[in-house]
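Proteins come first, then strands; the chains are lettered A, B, ... in the order of their sequence lines, and each starts at number 1.
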Amino acid sequence: MTLKARTRFAPSPTGELHIGGVRTAIFSWLLAKHTGGEFYLRIEDTDQERYVPGSTRRILESFDWLGITLDGGPDHDELRTMKTDEDYPGALDDGEYRGVPGPFVQSHRLPIYRQWAEWLVAHGYAYRATETPEELARMRAEAQSRKQTFIFREEMRLRTDVRPDEPHVIRMRVQPRDGRTEFDDLIKGHMVFENAQIDDQVLLKMDGFPTYHLAVVVDDHLQGVTHVLRGDDWLPSAPKHVLLYRYFGWEEPKWAHVPNVLGTDGKKLSKRHGAQSVFEFRDQGYIPEALINFLALLGWAPGGGDEQSVFTREELIAKFSMEGVGSSPAVFDYNKLDWLNGVHIRRLADADLAGRLIPFLAQAGIAVDTPERRALLLRIIPHIKERTKKLTDAAPLVDFFFGDIQTPPAEMLIGPKMEQHLSLYALRETRRLVEAVEPFEDAPLEQAMRKLGDDLQLKPTQLFTVVRNAVTGKTVTPPLFATMAILGRETCLARLDRAIARLQSGG
RNA sequence: GCCCCCAUCGUCUAGCGGUCCAGGACGCGGCCCUUUCAAGGCUGAAACACGGGUUCGAGUCCCGUUGGGGGCACCA
């Protein structure tokens with residue numbers, strides 16, 4: 001039995017939850033759940049400038065929609081006391097869940113970072129500096145003009161007599177200076193970095209906030225994180241974190257730098273490259289089951305000869321392992337997502353699908369707002385399920401059930417390779433049949449219609465096309481006889497009458 | 001400029017030295033089923049970036065080249 005993993009997802013509240021980030025979150029969550037451990041959320045709001053009000057709430061809502069439950073994260077109280085009120089109904093009231101200690105919002109942990117930064121100074125692992133961003137930019141530019149890489153070291157300080165009570169930053173002291181820092185990454189393998197390449201990173205900013213580098217290390221340690229999963233764009237700064245763990249004398253977590261998700265253009269997924277928030281996927285009619293399945297497969301495969309590609313959440317949790325995570329970046333493929341979405345839609349129970357469809361139908365102007373209409377939708381579901389790839393596909397398939405139709409133009413009422421009078425005759429005969437069929441159900445209708453087709457010496461396609469178009473006003477519909485049965489005798493008769501009238505006059 | 005990562009069909013991938021003239025899935029073509037559209041079944045085309053090694057033997061190990069990506073902030 002593997003040890004229980006505790007993982008976290010630690011976004012900064014700077015906007016919507018992005019699918020690239022979601023995938024990392026999914027891997028983290030799967031790893032935690034696979035081992036029976038915990039997965040929690042931490043909000044990294046240490047950059048006051050980039051803070052976007054409402055994004056924490058949106059992040060919470062995203063996980064809610066995805067069905068990824070958190071074992072820890074900001075509670076109502078904490079959310080309310082953020083820079084802006086970020087309270088979310090789905091958040092829990094407990095101050096601590098499953099033993100993961102909070103607070104979970106970094107701006108609520110400031111004294112902790114200060115304390116550990118001072119600890120580093122006191123123990124010789126960090127020092128105070130006063131260079132302003134402007135001065136640093138100048139130094140950087142100068143180094144560049146001499147074609148040198150700018151790596152900040154304490155002897156470059158403009159002033160060395162920094163007193164603790166004046167404004168300053170705390171920088172880590174990278175040492176040994178000529179050594180190298182090595183660590184093992186679950187995905188990338190053994191990593192070696194020259195310390196000479198690592199700069200004396202600012203750990204505590206002038207405004208009293210920590211930088212990511214300090215905060216992530218302190219929090220991950222204090223909150224018992226066992227596996228650090230994050231995008232591999234963090235790889236170059238990982239040695240700084242490794243060094244900090246060693247300075248503090250803390251046990252290192254397992255590192256896992258997950259390859260990025262690329263856009264179709266081969267570039268890192270970002271706002272400008274077609275990357276989308278989970279809400280956009282939700283609004284486009286994708287269901288969370290499919291999105292999770294798809295994202296999990298982007299970079300992970302069961303391996304060992306297992307060629308399964310459709311997974312439920314539970315199956316993913318059961319089969320996920322870090323060994324299955326690949327080391328190369330993956331391109332987001334909408335074709336496959338669409339297919340998977342269809343697969344998972346087909347797996348939904350009718351009532352479940354109906355419930356998910358209702359908001360999309362409403363969006364399209366189809367109100368399913370009464371028990372009768374709901375029952376109607378439920379009757380239709382079995383016939384549209386396998387025709388629905390995205391929830392947005394349903395509306396055009398069902399609208400003629402819920403409202404009246406435009407009487408189709410005459411040319412639409414003439415069947416393939418048929419004359420007008422023949423089509424008209426077929427329609428009239430169908431009308432008589434519809435009036436008479438008993439019971440007015442799928443099978444009897446089919447039987448009668450097929451016989452009619454034979455009698456008229458029409459191919460099924462010919463007769464059925466004419467009738468379909470007349471009764472639905474569409475050329476693409478669910479299967480005809482079920483459609484007619486659900487529409488009901490009266491509606492079918494009325495529409496046939498109108499079609500007959502149209503064809504009579506339209507000729 | 002410096003540092004780092006990556007490299008099997010168009011895409012996601014299996015492959016952890018021989019069982020691979022490279023398997024699966026999406027997509028694409030064809031056929032079947034068929035009242036439209038789907039769904040489903042069968043089937044076809046489609047890949048080990050290149051060059052050196054190591055080895056009896058390399059898609060699999062090593063080095064280099066090329067190509068892609070990422071990082072070099074008091075942003076995460």
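Partners of A:Phe320 by ring-ring contact (aromatic ring centres under 6.0 Å, His included), not counting sequence neighbours, listed by chain and number: A:Phe27, A:Trp300.
One finds no salt bridge joining A:Glu134 and A:Arg138 here, because no Lys/Arg side-chain nitrogen approaches an Asp/Glu carboxylate oxygen to under 4.0 Å. By the 4.0 Å N-to-carboxylate-O rule, A:Arg346 lies too far from A:Glu386 to be salt-bridged with it. Checked for salt-bridge contact, A:Arg159 and A:Glu166 meet the test: a charged N lies under 4.0 Å from a carboxylate O.
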Close N/O contacts between protein and nucleotides 48-50 of chain B (under 3.5 Å):
none

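Look at B:G29: its Watson-Crick or wobble partner, with both distances under 3.5 angstrom, is B:U43.
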*Full working for side chain to side chain contact (heavy atoms under 4.5 Å, CB included) between A:Trp255 and A:Leu186*: CA-CA 6 Å; A:Trp255 304 99; A:Leu186 258 25; over 6 Å; no
*Can you give one letter per nucleotide of nucleotides 63-76 of chain B, going 5' to 3': B for a protein heavy atom under 4.0 Å from the base, S for sugar-phosphate only, - for none?*
------SBS-SBBB
_Nucleic acid footprint by protein, nucleotides 18-25 of chain B - heavy-atom cut-off 4.0 Å, B for base, S for sugar-phosphate alone_ = -----BSB
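Each salt bridge (Lys or Arg N to Asp or Glu O under 4.0 Å) pair with one or both residues in residues 199-218 of chain A, not counting sequence neighbours, appears once here: A:Arg153-A:Asp200, A:Asp199-A:Lys240. Residues in residues 454-467 of chain A take part in these salt bridge (Lys or Arg N to Asp or Glu O under 4.0 Å) pairs, two or more places apart or across chains: A:Lys451-A:Asp455.
The distance from atom CZ of A:Phe464 to atom P of B:U34 is 12 Å, rounded to the nearest whole Å. Here B:C2 presents its C1' atom at 11 Å from CD of A:Gln148, a figure rounded to the nearest Å. Atom-to-atom, CG of A:Asp338 to C1' of B:C28 comes out at 15 Å; the value is rounded to the nearest Å.
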